[in-house]
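Just below is one structure, and these are the notes that go with it.
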Amino acid sequence: MIPYIIRRIIHLIPTFIGATLLAFLISQLVPGDFFKQLELQPNVRPETISRMRDRYGIDEPWPVQYVKWMGNLLRGDLGDSFASNQPVTQILATPIKNSMYLVVFSLILLWLFAVPMGVFSAVRQYSIADQIVSAISYFGLAIPNFFFAQIIILGIFMFRSFTREYFDYNQLILPIAQMTSSNHSEMSAIGQAWDIFKHMLAPSFVVATSGIAGFTRVLRSQMIEYLSSDFIRTARAKGLGRSTVTYKHALRPAIIPFVAGIGGLLPSLIGGAGLVEIVFAWPGITPTYLKALRQQDIYVVLGLLIVSTILLMIGNIISDILLAVVDPRIRYS
Amino acid sequence: MKKFLLVLSLAAFLSITFAQPFVWPNAWSADAGNAQMGGTLRVSQLSDPRTFNPFVSAEAAPVVLRYADGMGASLITRGPDSDDWIPYAASSFKISDDGTVVDVVLRDGIKWSDGTPVTIKDYLFRYEAETDEEVGSNGFDSWFINDKPIILEATGENSLRFTFPEPDRTALPIVAMVPSPDHILGEVYRAGGAEALKAEWGIESDVSKTVWTGPFIPTAFTPGERAILVKNPYFGEWNKDEAGNALPYLDGIVENIVGDGDAGLNLFLAGELDTYGPRNLDDIGSINVAVQNGDIDAVVMENVAPVASSQFIVFNWNKESDPFKQKVFRSATFRQAISHLVDREAMIELIYGGAASPMWSNVYQVNSYWVDNDVPKFPFDPEAAATKLASLGFTEKNSDGFLVDADGNELGFTLVTNSGNNQREQILEIFTDAAREVGINVDAQAIEFSLIVDQLLSEGTDRPFDAILIGLSGGSRDWPFGSNVIPCGTNLHMYNTSGDCIAPQELLMTKLYYQGRGTLDTPAAREIGLKIQQIQAQIQPQIYTVSPAAHYSWLSNVGGQHADGQVNPIVGTREIVLTFKK
């Protein structure tokens with residue numbers, strides 16, 4: 001196992017160099033640069049813009065820029081943002097942390113709901129309950145996250161109208177934007193944690209929904225396949241209880257594909273919750289990334305790509321190891 | 001010892017007695033008499049401040065610093081009711097007869113938010129750092145007139161002198177400079193130079209340790225979430241209302257960072273923001289519904305005035321490799337015909353739902369003192385366009401239905417705009433339909449913004465585009481003509497960057513531009529400005545389209561807004577110092 005891991009890590013080096021080169025090349029192919037936006041500002045002199053370009057060395061040939069950037073990267077320096085003059089590592093740290101709150105909580109919701117739903121659906125195949133779970137799953141798969149997020153916000157507003165009319169209560173039941181309340185800094189530590197939790201509920205519910213939908217469908221079909229296999233029949237014939245058969249013997253092999261995917265989750269932990277973050281004004285990585293892309297703040301964009309690439313590579317190794325743990329048929333040599 | 005203490009007390013008493021505060025006129029607020037102390041204003045902004053260092057930012061000053069730095073002890077200021085400058089942190093200022101020297105005396109009693117007195121050293125330090133090329137401040141350019149420097153020097157313990165290389169009405173705003181703390185940043189600069197100064201007060205620093213002169217100072221900042229500002233305890237010592245109350249009225253401001261306009265709207269509808277700038281009529285509709293349903297109690301100001309930006313079509317006069325097109329594009333008659341094909345009314349109705357105005361002059365309409373409403377106009381009239389084109393020899397159409405001249409040259413051009421700007425793309429479509437209707441083969445395309453900038457800024461006698469639909473923003477209340485837009489040879493003189501004036505009117509506009517800029521008498525400068533607009537409108541180097549309108553809204557418990565006629569995109573809705581919560 002250990003020689004296998006070392007071999008995998010050595011293989012990662014050319015992959016990493018190839019990935020960074022490709023990312024850098026693509027970034028250079030995009031026409032224009034950050035300072036282009038300034039050129040149509042009537043109050044900015046062309047000399048000022050050329051001075052800024054010199055400072056960041058972005059008029060140098062791309063191989064020179066790449067080598068410099070790579071050299072800094074090996075020292076852990078992802079470069080500086082053009083827009084804020086701050087190190088990229090500093091700019092990315094807080095949004096990544098905020099996105100992780102949302103993504104981790106969504107994943108917990110996902111596993112918490114999807115596994116029982118998938119199993120329930122499989123053991124009660126074609127029952128009305130199964131049909132309902134399937135219908136909800138298809139709905140979750142079909143509706144885009146950003147649109148579902150807006151429907152949830154609308155629902156929260158409509159609920160306020162309802163509570164005002166019948167209960168004379170004119171507050172939103174859940175926050176519809178941002179990660180904290182305006183008076184967050186005045187709260188106790190527990191109050192602050194509760195505040196973030198409340199803000200997290202609506203967006204993480206939206207993020208989890210589409211995941212639950214896909215997860216439930218796949219787990220259901222896996223479970224159905226295993227529940228009709230010979231070893232399950234044997235287990236039942238031995239007189240094992242229904243829940244032991246279902247959860248110990250059928251669920252364990254059925255869950256293997258999801259375990260294989262756990263490694264792939266690592267980059268998604270920092271990749272954020274996509275457009276849901278925009279709709280809920282969640283201060284995560286997506287708004288930061290989109291802004292950097294729009295402004296062509298290229299080192300911020302590359303910085304995130306690099307961190308994601310590294311995490312994806314680490315994640316793949318972890319997946320391989322986990323697979324060996326849960327699936328006794330897999331052996332590495 | 002007793003005698004010494006007596007003298008010291010007397011000196012302190014006298015300094016307080018003679019430190020006259022600046023009195024904020026009641027005329028700057030619609031309900032000055034009803035002001036109440038206390039409360040927190042909750043506002044939003046789209047993105048984080050990128051730094052708290054006023055010298056570092058590559059973009060305009062971060063919004064949060066407007067209250068702490070930009071609205072601080074500027075030597076002169078002006079209110080919403082007049083374009084005239086009045087002394088603010090200065091107790092007096094005097095402009096020399098030839099307009100090249102401005103002498104300023106600093107008001108007593110101004111303090112930094114840490115209690116340190118503000119002195120002329122703080123202004124001199126700001127000047128020194130902003131003019132240091134190594135610091136790379138955003139304010140660097142404003143210290144030069146035609147590449148010649150403006151000099152700031154001390155003329156006494158409490159007085160400063162600005163010396164301008166030539167009279168220039170656009171340079172007076174430099175006197176409205178704010179100080180930077182010499183006792184903190186100045187020491188850093190002297191000890192470690194530009195690099196040390198740039199490293200101070202970054203976004204990661206403890207913002208509560210920064211010092212300012214403005215009405216509100218930041219005490220906490222969480223990236224992506226909010227900045228908390230509280231009342232500067234020393235601001236009220238030299239800023240009073242007419243009743244003698246110390247200003248500002250509010251205890252603080254919470255600046256929420258929402259990242260997205262829709263999220264800002266949602267927060268406003270949820271009653272969690274006190275002010276919101278509706279982007280369009282859809283936003284206005286949502287707010288009105290919320291008000292009718294009783295969700296929020298808000299004031300909505302719809303269609304207040306056109307925004308301070310322009311959208312126009314510009315033709316390329318430098319097409320040496322295509323003499324036919326060059327000749328056509330250089331013809332004022334052709335460009336007047338094009339203006340006749342811009343259906344401004346349709347654009348206003350279809351794109352902006354009526355919340356926009358036609359634009360005829362190169363001065364924004366909101367700049368009402370300067371704008372000339374009697375410029376020659378060439379409104380939508382396809383028949384008039386056809387007549388003008390016929391006068392240029394385009395009387396026949398080819399088999400494709402496009403106009404041709406006697407030599408068989410087809411009248412057509414490529415018109416591009418920047419992709420992603422939906423409204424501009426719709427303007428392009430409406431124009432293209434009308435132009436093709438009369439027989440002009442317009443090939444309309446939306447392309448990457450940076451490619452357009454490259455095309456516009458290309459120089460020489462043969463440039464790589466036909467026509468571009470683009471916009472400009474910015475400009476001043478002192479001389480509303482762009483220094484690098486009007487004169488020949490400047491980089492945003494988009495229609496002709498050959499370096500020479502081609503049309504005689506171009507030369508005349510260049511001369512008038514510099515003449516007006518050097519005229520310190522405002523009515524006289526305005527007369528010159530009107531002439532520029534007349535010439536511009538006659539020869540149509542830029543064919544102006546429409547300006548969308550600005551809208552405003554705030555919760556009804558927020559007071560202190562400007563009087564109705566004073567609210568516009570240039571001066572905004574309110575003075576933050578006079579704003580209060582009911």
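Chain A is the first sequence line, chain B the second, and so forth, proteins listed ahead of strands; every chain is numbered from 1. On a predicted model such as this, the values are computed, not experimentally measured, just so you know.
- Annotation for A:Asn98 and B:Glu225: closest pair ND2-OE2, 4.5 Å, computed over non-hydrogen atoms.
- The parts of A:Ile278 that come within reach of chain B are both its backbone and its side chain, each placing non-hydrogen atoms under 4.5 angstrom from that chain.
- A donor-acceptor contact shorter than 3.5 Å links the side chain of A:Gln178 to the backbone of B:Ile257.
- For B:Ala220, no part lies under 4.5 angstrom from a heavy atom of chain A.
- The 12-atom threshold is not exceeded at CD1 of A:Ile173, counting heavy atoms of other residues, nucleotides or ligands nearer than 6.0 Å.
- Among the candidates A:Thr180, A:Thr94, A:Ile176, A:Thr288, the residue making the largest number of heavy-atom pairs closer than 4.5 Å to chain B is A:Thr180.
- For the atom pair CE (A:Met179) and OG1 (B:Thr222), the distance works out to 8.0 Å, reported to the nearest 0.5 Å.
- Two residues are said to be in side-chain contact when any heavy atoms from C-beta on lie closer than 4.5 Å; A:Val279 and B:Asp262 fail this criterion.
- The number of heavy-atom neighbours closer than 6.0 Å to OH of A:Tyr66, taken from other residues, nucleotides and ligands shown, is above 12.
- When all heavy atoms of A:Phe157 and B:Asn266 are compared, the pair lying nearest together is CZ-O, 3.4 Å.
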### Task
Decide yes or no on side-chain contact (heavy atoms from CB on, under 4.5 Å) for A:Arg164 and B:Asp295, but give the supporting numbers first.
CA-CA 9 Å; A:Arg164 185 178 54 241; B:Asp295 293 339; 2.5 Å; yes
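- Across B:Val254, B:Asn293, B:Asn256, the residue that shares the most heavy-atom pairs under 4.5 angstrom with chain A is B:Asn256.
- Within 6.0 Å of CD in B:Glu134 there are 12 or fewer heavy atoms belonging to other residues, nucleotides or ligands.
- B:Arg226 places a side-chain N or O within 3.5 Å of a backbone atom of A:Ser181 that can act as its donor or acceptor partner.
- By number of non-hydrogen pairs under 4.5 angstrom with chain B, the leading residue of A:Pro287, A:Ser182, A:Pro283, A:Ala281 is A:Ser182.
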